[in-house]
Amino acid sequence: MSKSDILIVGEHPDINPRAQSIFMDALNEAGIESEDIRWINVLRKAPPEGKNITKTMVKHERERVLKKINRRDPKYIVLLGNNACQAVLEKQGITKLRGKPITHEGRVILPMLHPNIALHDERRIDTIEADAHRLRECREFGGIPEEKELEFEIVDTWDKVKAMLKDLRGTVATDLECTRLYPFTTALDDLVADGTASQEAIKQHKSTHNGNQPRVVAMQFGCRKRQWVVPMETAGIWSDAELTKIVHLVTRKLKKCFNVFHNGKFDALWMLERFQVKWRVDFDTMLAHYLVDENDRHGLKYLAQKFLGVPDWDVEGGVKTEWSQKNAKYAAHDVFYTRKLRFILKKMLEEDHDVKRVHDLIMVPCIQMFIEAEHRGVFIDLDKMDDAEAYLRGELADAQEKLEKWGAKATLVDKKTEKINWGSPKQLGHLLFEVLKIPVVEKTKSGANSTSESVLLRIDHPMVGDLLRFRAAQKQLSGFIEGWRPYLDREGRLHPVFKLHGTVTGRLSCEHPNLQQVPRDPRIRSLITAPEGWTLVEMDLSQIELRIAAELADEHNLLGVFHEGGDPHWQTAIREIERGAGYAKEIKKTVKLHHKQEGKEYKKMGYSEAVEYILNMGGNAATELMKMWKEVRKKAKAINFGYLYGMWWKKFKIYARDNYGVEVTDEEAQQSREAFFELYPGFPNWHNKQRRFAQVNGYVRSLSGRKRRLPAAMGNRDSPERREAQRQAINSPVQSFANELNLMAALQMRKEFRRPWFRLVGTVHDAVLLEVRNDMVEHVHNRGLEIMSHPELLDDFEIEMSVPIEADAGIGAWGQGKDLKTWLKEQLKIVEKREGRKARSPRRKKRVKQSA
DNA sequence: TACTGGCGCGCG
DNA sequence: AAAGCGCGCGCCAGTA
């Protein structure tokens with residue numbers, strides 16, 4: 001290693017001395033001395049006080065800097081900050097470039113953060129130190145460090161195919177490179193491919209799919225000694241027929257291997273979609289790490305860095321989506337390290353048997369289940385979707401037109417259209433609070449005048465209604481009509497992706513699009529349904545979190561309510577209303593209607609008597625008579641959950657104001673909270689127990705044994721952070737186990753019900769969404785509800801619950817599901833109609849008759 | 001021109 | 001002193 005072989009390219013000579021010493025310290029730490037380096041700057045002088053360095057300033061210096069570099073002829077160049085990158089590489093984006101050495105004209109160039117940034121944010125020192133370390137590695141290696149054990153073959157001849165197949169045994173790590181993330185060919189893909197897509201559609205396609213068609217670029221396998229990289233669909237090396245052959249040969253061999261993936265659901269789903277083969281995932285390094293540390297990140301590169309301390313092998317985005325030698329090398333790294341990680345994570349997982357059981361009995365089986373669910377997707381009623389779109393566009397235009405009258409007064413206008421942007425909180429705030437001089441109600445965290453819904457509702461101005469209509473229509477249109485279009489396949493199905501590692505509690509998250517946030521508004525929710533001959537069935541665990549909380553806290557009163565088949569949310573609903581003295585008229589009216597319905601004579605009764613009466617009726621009966629009760633119960637549910645998980649009375653005040661329109665006094669709010677805990681005195685004890693446990697141990701567990709690590713809950717010093725962690729210690733086991741029950745039931749249904757007539761298409765935390773062939777609806781309904789209320793996996797986990805678990809089912813378009821009796825009656829009618837029209841079609845007739 | 005953070009809001 | 005939890009996504013605005 002020769003001295004002075006490193007050239008630092010700084011911004012200008014007047015570097016802040018502290019920044020300079022941070023940088024030099026980092027270098028020294030990494031074993032690089034000051035005599036090893038020389039220094040030049042992009043600018044010869046610092047810019048005048050208060051002036052920033054501009055792109056053009058840098059441009060002018062570029063040539064001089066390059067000349068200087070050539071004269072000094074260093075082996076290694078460090079670029080400090082964005083301006084140095086701009087000057088030398090003509091590239092920007094230091095956060096992406098940093099830490100990744102590149103070779104150029106025989107020199108190694110390493111972009112780093114400018115040490116100035118550490119003056120504002122101390123945490124950046126770590127990054128600077130890491131990059132200094134990378135510089136040392138480059139210097140020791142004499143170039144960009146490479147994995148020495150890596151030995152990959154590009155499989156481009158039949159001889160290599162043979163050799164590869166022979167090598168596929170034991171533990172094999174498998175991975176794919178693809179042109180994009182979404183494997184399904186969409187209707188939009190077709191339009192783009194045949195050139196009939198509109199400009200707008202092309203733009204949409206570009207932003208969701210990078211403008212690519214779904215193709216597999218490479219398929220790679222990490223074996224004991226070698227990595228095999230097969231060029232795939234976009235490479236042009238193998239014909240389609242040859243690829244099919246290779247894929248089938250490989251698939252057959254993999255059946256006998258121990259198959260390791262990093263996020264195997266992704267790869268197996270792609271192979272199922274593109275080549276119709278089923279791959280089994282035996283171990284998933286991403287999921288394993290998720291269970292070992294749910295708070296950390298789980299990316300492959302990150303884990304390789306963390307556990308193996310290897311250099312970053314990442315490449316620019318474009319390389320991953322196109323076949324090339326560089327792509328092959330990158331691909332080989334992926335499987336090489338995935339295979340290495342498997343052995344480390346296996347050990348870590350085995351350190352905790354309870355967590356491992358969650359992995360083995362729930363998470364890994366879920367991989368297979370969700371591959372199928374995502375492959376099937378959810379069916380969309382496209383005609384109805386068009387109707388919904390037309391309605392929403394009308395609504396939006398109408399609201400906007402009515403708003404313009406007020407917008408004309410605003411001075412802040414869009415320069416092009418000279419109109420206010422009603423979707424901009426900033427412009428709207430300017431209009432409301434400065435032009436129209438409406439008193440400010442609330443500030444946002446960052447100090448802006450809030451224009452949130454709860455604020456608008458408290459403003460007395462004629463435009464509020466139209467503003468809310470505008471926002472509602474805009475939200476539904478952009479989120480669920482336009483937002484869904486890029487994902488609709490040729491059959492009109494969406495294929496949401498479920499992330500098994502998406503949350504810290506063990507719940508799943510969902511994206512592309514998110515099925516778990518579809519509005520309950522029937523205009524949107526009922527767009528999700530099933531195709532001809534099939535029916536959508538939703539089953540949900542009723543009041544499951546409350547039941548689990550009752551169980552965990554051993555809360556006798558609440559347990560009692562559940563054993564008697566009561567409805568705690570309804571109780572809270574009526575009691576809280578009573579407190580707020582609202583809805584007296586409605587309560588009496590409902591009671592009267594109920595008498596009429598029952599054929600009983602209504603005798604005048606007092607308010608408190610009516611309250612008792614309506615309590616006994618139950619929420620469902622009340623909702624049948626007056627629809628508003630459903631909404632009231634829903635709000636009460638939020639209050640129950642709020643208190644259960646540590647909500648304070650001040651927030652209840654806000655909640656009562658925003659949801660009931662009632663201004664509650666401090667005393668009343670405090671009473672409300674006290675009443676909840678008087679009603680359920682077991683909860684405070686349980687809260688303390690959870691807080692104490694988390695404080696001592698730094699984690700909590702759900703009934704299944706899944707861990708939620710809460711380091712912030714530890715220690716003796718009270719702080720907002722510790723409080724937050726303690727509330728999480730209360731909520732987490734409940735949320736976690738509710739989800740696990742749901743998954744257990746889903747897994748069992750998949751096991752018991754046969755593919756030709758049953759498909760699980762999604763889950764929503766405490767509910768499953770199923771597609772069932774019409775003739776099997778009754779069976780799935782009856783057996784499915786049994787499974788939901790006691791999945792057999794509970795026994796494998798040795799969990800015994802004293803609280804009864806109950807499930808409900810809705811049959812038909814999502815959110816408009818009917819009970820079994822109603823649905824069967826309707827089916828009979830449909831069949832009769834069909835028989836009247838034509839005497840043929842005996843098969844379908846028979847099926848439905850069987851079920852009826 | 002492309003990314004990031006904050007906000008607001010959809011769901012459980 | 002201050003106190004429900006867990007998500008994803010569209011949009012805006014600021015910044016690179």
Side-chain angles (χ1 to χ4, degrees), chain A residues 52-55 81-83 85-86 91-97 207-208 294 317 414 421-429 443-448 450-456 468 471-472 474-480 482-484 496-499 502-521 524-525 540-541 543-545 549 634 637-652 654-655 673 676 687 691 708 718-736 738-739 742 763-767 815:
Chain A
N52 287 325
I53 301 171
T54 66
K55 225 172 151 179
N82 222 25
N83 289 318
C85 289
Q86 177 68 41
K91 269 192 206 168
Q92 290 205 357
I94 188 63
T95 49
K96 274 215 152 170
L97 292 171
S207 67
T208 40
E294 73 285 350
D414 186 299
N421 177 356
W422 297 104
S424 162
K426 197 177 172 187
Q427 295 184 29
L428 179 61
K443 297 267 184 189
T444 65
K445 253 190 214 159
S446 54
S450 172
T451 64
S452 71
E453 191 170 319
S454 91
V455 164
L456 293 182
L468 294 176
R471 279 196 184 164
Q474 170 101 313
K475 170 110 187 163
Q476 292 202 345
L477 207 50
S478 70
F480 307 101
E482 288 165 359
W484 283 0
V497 175
F498 291 86
K499 279 160 86 176
T503 74
V504 285
T505 57
R507 268 190 181 179
L508 313 187
S509 71
C510 181
E511 57 187 4
H512 309 315
N514 183 352
L515 188 73
Q516 299 177 326
Q517 63 167 168
V518 177
R520 303 186 77 162
D521 184 340
I524 303 295
R525 189 165 273 208
D540 68 298
L541 295 159
Q543 303 146 323
I544 190 59
E545 287 200 18
K634 196 178 119 190
K637 198 169 148 185
I639 294 176
N640 274 343
F641 284 132
Y643 288 146
L644 176 62
Y645 296 135
M647 184 173 77
W648 208 239
W649 60 267
K650 282 194 179 175
K651 183 138 181 192
F652 172 77
I654 296 167
Y655 192 84
R673 187 168 182 280
F676 178 85
H687 284 183
R691 282 193 276 255
R708 168 88 192 265
D718 191 16
S719 69
E721 291 77 22
R722 202 186 73 167
R723 293 276 173 154
E724 186 184 3
Q726 290 180 338
R727 289 194 299 275
Q728 290 163 341
I730 292 165
N731 167 273
S732 221
V734 180
Q735 193 181 109
S736 179
N739 164 67
N742 195 49
T763 61
V764 190
H765 309 308
D766 60 358

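Side-chain atoms are counted along with the backbone in the values below, which use heavy atoms only and exclude waters and symmetry mates. All chains are named by letter (A, B, ...) in the order of the sequence lines, taking the proteins before the strands, and each is independently numbered beginning at 1.
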* Between C/dA13, C/dA2, B/dG10, which nucleotide gets closest to the side-chain atoms of A/Gln427? -> C/dA13

* To do: May I ask you to evaluate whether A/Arg520 reaches the phosphate of B/dG12, defined as a side-chain N or O under 4.0 Å from OP1 or OP2?
  => yes

* To do: Just compare C/dA3, B/dG10, C/dC12 and give me whichever is closest to any side-chain atom of A/Trp648.
  => C/dA3

* Tell me whether the OP1 or OP2 atom of C/dG6 has a side-chain N or O from A/Arg708 closer than 4.0 Å. => yes

* **Any A/Gln728 side-chain nitrogen or oxygen under 4.0 Å from OP1 or OP2 of C/dG6** => yes

* Structure fact -> For A/Ala738 and A/Leu541 the tightest heavy-atom approach is O-CD1, 4.1 Å

* Structure fact -> In short, A/Arg708 meets A/Thr505 closest at the heavy-atom pair NH1-CG2, 3.9 Å

* **A/His512 or A/Glu724, whichever maps to the more 5' nucleotide of DNA chain C** => A/Glu724

* Decide whether A/Tyr645 and A/Gln735 meet the rule of one side-chain donor and one side-chain acceptor closer than 3.5 Å. => no

* Asked: Does the base of C/dG4 carry an N or O that pairs as donor and acceptor with the side chain of A/Arg727 under 3.5 Å?
  -> no

* To do: Write down the distance separating the P atoms in C/dA1 and B/dC9, rounded off to the nearest Å.
  => 32 Å

* Report yes if at least one side-chain N or O of A/Thr503 is closer than 4.0 Å to OP1 or OP2 of C/dG6; otherwise report no. => no

* To do: Measure from CD1 on A/Ile730 to C1' on C/dG6 and round the result to the nearest Å.
  => 15 Å

* Is there a donor and acceptor pair closer than 3.5 Å between the side chain of A/Arg723 and the base of C/dA2? -> yes

* Pair A/Lys475 + A/Glu453, salt bridge at N-O below 4.0 Å -> no

* **Under 4.0 angstrom between A/Asn421 side-chain N/O and C/dC12 OP1 or OP2** => yes

* Asked: Within the pair A/Lys475 and B/dG10, is there a side-chain N or O less than 4.0 Å away from OP1 or OP2?
  -> no

* Structure fact -> note: A/Leu508, atom CG; C/dG8, atom C1'; distance rounded to Å ~ 14 Å

* Could you state the CG-P distance from A/Asn514 to C/dG6, rounded to the nearest angstrom? -> 17 Å

* Check whether any side-chain N or O of A/Arg691 sits under 4.0 Å from OP1 or OP2 of C/dA3, and answer yes or no. => no

* C/dA13 OP1/OP2 closer than 4.0 Å to side-chain N/O of A/Ser424 -> yes

* Using only side-chain N and O atoms of A/Arg507, determine if any of them is under 4.0 Å from OP1 or OP2 of B/dG12. => no

* Asked: What nucleic acid atoms does A/Asn739 come within less than 4.0 Å of, heavy atoms only: base, sugar-phosphate, or nothing?
  -> nothing

* Asked: Can you name the closest pair of heavy atoms from A/Ile730 and A/Arg691 and give their distance?
  -> CD1-NH1, 3.9 Å

* To do: Check every strand shown and say whether A/Gln726 touches a base, only sugar-phosphate, or nothing at a heavy-atom separation below 4.0 Å.
  => nothing

* To do: Classify the nucleic acid contact of A/Glu511 as base, sugar-phosphate or nothing, counting any heavy atom under 4.0 Å across all strands shown.
  => sugar-phosphate

* Round to the nearest Å and state the distance from A/Ile654 atom CD1 to C/dA2 atom P. => 13 Å

* Separation of A/Arg471 atom CZ from B/dG8 atom P, in whole Å? -> 8 Å

* For residues A/Leu508 and A/Asn739, report the shortest heavy-atom separation together with the two atoms involved. => N-OD1, 4.2 Å

* To do: Whole angstrom is fine here: how far is it from CG in A/Asn83 over to C1' in C/dA16?
  => 10 Å

* Structure fact -> Side-chain atoms of A/Ser478 come closest, of C/dG6, C/dC11, B/dG8, to C/dC11

* To do: Answer with base, sugar-phosphate or nothing: what part of the nucleic acid does A/Pro720 contact at a heavy-atom distance below 4.0 Å?
  => nothing

* When only distance counts, do a donor and an acceptor, one from the side chain of A/Lys426 and one from the base of C/dC12, lie under 3.5 Å apart? -> no

* Around atom NZ of A/Lys443, are there more than 12 heavy atoms of other residues, nucleotides or ligands at under 6.0 Å? -> yes

* **Nucleotide B/dG12, atom C1' - distance to NZ of A/Lys637 in whole Å** => 8 Å

* What is the distance, rounded to the nearest whole Å, between atom CD of A/Gln476 and atom P of C/dG10? -> 15 Å

* Does a side-chain N or O from A/Ser450 land closer than 4.0 Å to OP1 or OP2 of B/dG8, or not? -> yes

* Asked: Whom does C/dG4 pair with, Watson-Crick or G-U wobble, provided both distances fall under 3.5 Å?
  -> none

* To do: Would you mind classifying the nucleic acid contact of A/Val504 as base, sugar-phosphate or nothing, using non-hydrogen atoms under 4.0 angstrom?
  => sugar-phosphate

